There are 2 protein chains.
Amino acid sequence: MSSRGVRHDSMRARNLAVVLATIHRSGPHTRAELAERTGLTKTTVSSLVADLIEAGVVSESGAVQKGERGRPGVAVSLSGRRVAALGLEINIDYLAACVVDLTRTVRLRRTRPADNRNSDPAAILDGLRVLAKEITAEAEAGGLRVIGAALAVPGTVEGEVLRSAPHLGWRDVRVPDLVDLPFEIDNEANLAALGELWFGSRESDFLYVSGEIGIGAGLVVDGAVFRGTYGLAGELGHVVVVPDGPACRCGGRGCLEVYAGQDTLLGALGSAGSAGSGGSADAADPAGAAGLVGSTGSVGELVARLEAGDPEAVRTCERAGHALGVALTSAVHLLDPGLIVLGGIYAPLYRWLEGPVSEGLGARLAQMRGTPPALVVSGTGPDAAVLGAAGSVIQRIIADPAQLLGL
Amino acid sequence: MSSRGVRHDSMRARNLAVVLATIHRSGPHTRAELAERTGLTKTTVSSLVADLIEAGVVSESGAVQKGERGRPGVAVSLSGRRVAALGLEINIDYLAACVVDLTRTVRLRRTRPADNRNSDPAAILDGLRVLAKEITAEAEAGGLRVIGAALAVPGTVEGEVLRSAPHLGWRDVRVPDLVDLPFEIDNEANLAALGELWFGSRESDFLYVSGEIGIGAGLVVDGAVFRGTYGLAGELGHVVVVPDGPACRCGGRGCLEVYAGQDTLLGALGSAGSAGSGGSADAADPAGAAGLVGSTGSVGELVARLEAGDPEAVRTCERAGHALGVALTSAVHLLDPGLIVLGGIYAPLYRWLEGPVSEGLGARLAQMRGTPPALVVSGTGPDAAVLGAAGSVIQRIIADPAQLLGL
DNA sequence: TTCCTTTAGTCCATAATCTGTACATAATCC
DNA sequence: GGATTATGTACAGATTATGGACTAAAGGAA
C-alpha cells in the first residue's frame, strides 16, 4: 500500500503507464482512440505518446486506422526494436536463458544441459552468469537494450534468497545479482504462470499448474501473480490428498506430490527409464514453436507406453489424475480461479489426465458452483518459466515506463 | 486494473486518501509529520487537511505534539463525530445491525432473534429493512451521518446476488438495496475477517477461519480481503480432508464441514441440545465487550460438557481439530497466510481445538517453512461479521474521502 | 526578562501538468 | 470540387503541488 503522495511527476509517470498499458492490452491504437479509452484529452495523449516514442517503447506503425470518414489516424504500437528483457532459469537438468522484446517476441534463446541435482550453488551460478553475459552481449550487438533480468528457480524464494530447492539440494542460498541490471528471483511455478499469461494467450485469471519433479502452482488474478504473505503461496504439491497416506519428502503424509509428482509417474516405467535429455536448441527461433528445452526423454517414454496401452502406466496416470482432482478441488474452493491450466509434464500427459481430473472436479464442485472452472492444457510448452521470467521484467517496464525516460 | 488516466482532480483525491490513510494507520499526526510521511510539502498537507476537516472525517484534537523544542504542532486525528457506517447481518438464527463511526467505535447495535432456516427471502429482507431504518434514524438523531451500508450473509455472493445460502435455504436471491445509501453484500466469512482486522487489532495479513454451521475463511492480504475470480474464494469448509469420506451437503465427499461443522460438533451432544438462544442485547454498548449475539445455547452446552470431560464430546472435538489441521495445512500451502485466526464457534472451543490443530500443522509444515503460521483465537467475539460489514464501508470511505466533499 | 534557536503552520509566487478551444490536415461522400 | 468528418497539434487557461519567505509558539540561554 503506497503511502506516498502524488506529485506532478508521478501523475505523468502514471499516465505514461496508463497509455502504454492500453496499447499493450488491446493492441495498436491511434492517439484519438487512446484519448477515448483513457479519459485523457487528445492533447495530453499526444504529449505522452511523444515521450513513449522517445523512450523507445512504442512507435508509429505506419498502419493507419481505416475510419469510415475523416482523416485517418496513425496507429501507435509497441516497439520491439529497442527495449528487451532477459529471462533465466535454473532447473534440475538444464540452465536456460532467453531475450524477449516488448512485443513478446522471443529474440534469442539458449540452453545448457546440466545435471544440477545436489550441486554446488556457486558453480552453477557462475555458469549461469556466463550464459547471461553471452546472450546479453549478442542481444546488444543486435541493437537491443536489455533492461532487466529475472531468474526462475525450482524452489521457494523470499526476497533475493532461495529458501529451499529440495531437488537441487540447495537451502538458504543468497543469489547475487548475476547481471549488471535490475534483477529478481522467483519460483518456477509463479514465473511459468506469467509465461502462460504472456505467451499462452490467456485471459488474466487462471491457475497454472506446473507439473515437474515438484508440483507448483501460480495463481494469476487480474494479470498479477498472487504470492501470499511470504511469497510461498501456490505450493499445490503439498496439498493433502490422503491425511494418513505415504510419507512425503516434505515431512507430511499423503501430499499430492506423492501421487502425481514426476518421480511417481515415471516410476511406472520400472527402473528402465532413460536418464538425461539430448541436445540443446541453440537457434534463434522467433516463432517459438520448438521447445527451448529438449524433450524430456523419460516423459516421452511414458507417453509412448500410454499410447501403447501399457496397463501399469495407464493405472499410475489415472491414480495421479484422481489425486490431482482432489487437490484441485481444494484449490478451487480456496482460490476460486477462473480457469485451470495444466503445464509442465502434465501437458504431454494431458490426454490421459484430463478425464480423471475433470471428473473429480465436476463431481465435487458442480453443486456449489454450477460449472467448475474449465481445465485446459498449457499453450506454452516446456519453456514457460524462462519466458515468464522475461515476461515479468517486461511487465514491470510496462507498469512504469517513466523509468526509461530518466536515463 | 484501472485504465483511466490521472487528472488534477484525481491527483487531489488520491492525496486526500493518502493523508487520511496515514492518520488511520498510525494514529494522530501533526501536519508536519504528515508531510514527512507522505512526501508532500507542508503547504499541500495543510490544504488537504483543511478539506478533510471540512468533510468531517478528521479534526484537530487539541492534543499537541510535545516536541523537544520549537513550536508544538496540533495533532490531527480521525473524527467520529460526523461520518458513520451501517453494518447488517442475516444469519441462521438472528438479524443484526450496527452503526460504527470512523474511529471504529461501535455507536449502536441491535439484534433480532429469528429462525431463518428455510425461510422466505422477501419477508426476512423486509424485517431487515425495518431494522436498518430504525437504527439509521437513531444514529442520525444523534448527529451522525450514515454514509453507506454493507450486509453479511451466510452464503456465496456474486455482485448483488446471493448465489447460494444452503442453511437459509436461499438460492439465487437478488438482494435489493435495503437502504437509500451505497450498499453492498458479501459473504459472512469475508466480512468477519474484515471485522477481525478492524476490531480485533490484527496486523494486515491473516487467514480468518469462521466456524459456523458452514465453515468459511477470509484471507486478508495487505489489509484487503482476497476474493478470487468470482468472489468465491475461501470456502474452507469444502476443502477435501478424506477423498472418499462421508458425503457432504455440497455433493462432495469428506469435506472439512463433515468433520468440523457446527452440526457435527453439536451432534456430540446427542439429541438433547437446547434449541434457540435467549434474549437480545439491545443496549448501546460502546466498549464492545458484551456479545452482540446472545451466546449460542448449544455451543455453550458443548463447552460445559468438554469442561466436565465428557469423553464423547472430547473425542468429537479432537477429530474436528485433526480435520481442521489437515484442511489448514492445504490452505497454508496454497494461500501462505501470515497468521491463522480461529473465530465463530471455534473461539469458545479454542482450548480443545488448539492442540490437535497446531499439532497437525506443525508436523506437516515444519520442514518446508521453519515455523508454521501462528494459530490464535479471534479477538472479536461473535459479532465479527456485522462489525466487519460496517468496517468494509468505512474502509471504502478512507480509501476515497473525496466522495464526501462533492456532496 | 529578553533574546536566540527550533519547529509548526501559512502565504504567495512559481512550476508542472492536464484541459479545452481553435486550427491545420487528410481522408470520404456527393 | 466542396462539404463533411475525424485526427492530431497549438496555445491559453485551469488546477494542483512546490519552495522559500514569513508568522507563530514553544524551550533554552544570557
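In what follows, chains are A, B, ... by sequence order, proteins preceding strands, each numbered from 1. Note that the structure is predicted; figures quoted are calculated from it, not measured.
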(request) Kindly state each residue pair satisfying ring pair (Phe, Tyr, Trp, His ring centres under 6.0 Å) with at least one member in residues 10-47 of chain B, sequence neighbours excluded. (result) B/His24-B/Trp198
Please report, rounded to the nearest Å, how far the [atom2] atom of [N] is from the [atom1] atom of [X].
X       : N      : atom1 : atom2 : result
B/Leu48 : D/dT15 : CG    : P     : 16 Å
B/Leu34 : C/dT7  : CG    : P     : 18 Å
B/Asp51 : C/dT10 : CG    : C1'   : 15 Å
B/Arg4  : C/dT19 : CZ    : P     : 11 Å
B/Met11 : D/dA14 : CE    : P     : 17 Å
B/Asn15 : D/dT15 : CG    : C1'   : 13 Å

(request) Report yes or no: does B/Thr229 contribute a side-chain atom to a donor-acceptor pair with the main-chain N or O of A/Gly338 at less than 3.5 Å? (result) yes
(message) Is there a side-chain contact between A/Thr44 and the phosphate of C/dC18, meaning an N or O under 4.0 Å from OP1 or OP2?
(response) no
(request) Classify every nucleotide of nucleotides 3-10 of chain D by which part a protein heavy atom approaches to under 4.0 Å, writing B for the base, S for the sugar-phosphate alone and - for neither, in 5'-to-3' order. (result) --BBBBBB
(request) Return the set of residues passing side-chain hydrogen bond (donor to acceptor under 3.5 Å, both in side chains) with A/Ser10 (not counting sequence neighbours), or none when no residue passes. (result) none
(request) Output all residues satisfying ring pair (Phe, Tyr, Trp, His ring centres under 6.0 Å) with B/Phe226, sequence neighbours left out; order by chain, then residue number. (result) A/Phe226
(message) So, taking the atom named CG in B/Leu405 and the one named CZ in B/Arg12, what distance separates them when rounded to the nearest 0.5 Å?
(response) 8.5 Å
(request) Any chance you could lay out the salt bridge (charged side-chain N to carboxylate O under 4.0 Å, His left out) test for B/Arg31 and B/Glu60, step after step, and finish with the verdict? (result) CA-CA 10 Å; B/Arg31 292 169 173 82; B/Glu60 296 191 340; 2.6 Å; yes
(message) Would B/Arg14 and B/Asp400 count as a salt bridge (charged side-chain N to carboxylate O under 4.0 Å, His left out) here? Give the steps.
(response) CA-CA 7 Å; B/Arg14 184 82 224 294; B/Asp400 183 19; over 6 Å; no
Sub-3.5 Å pairs of nitrogen or oxygen atoms, protein against nucleotides 14-16 of chain C:
residue	atom	partner	partner atom	Å
C/dA16	N3	A/His8	NE2	3.3

(message) Which residues pass the side-chain contact (heavy atoms from CB on, under 4.5 Å) test with B/Thr136, not counting sequence neighbours?
(response) B/Leu86, B/Glu140, B/Val146
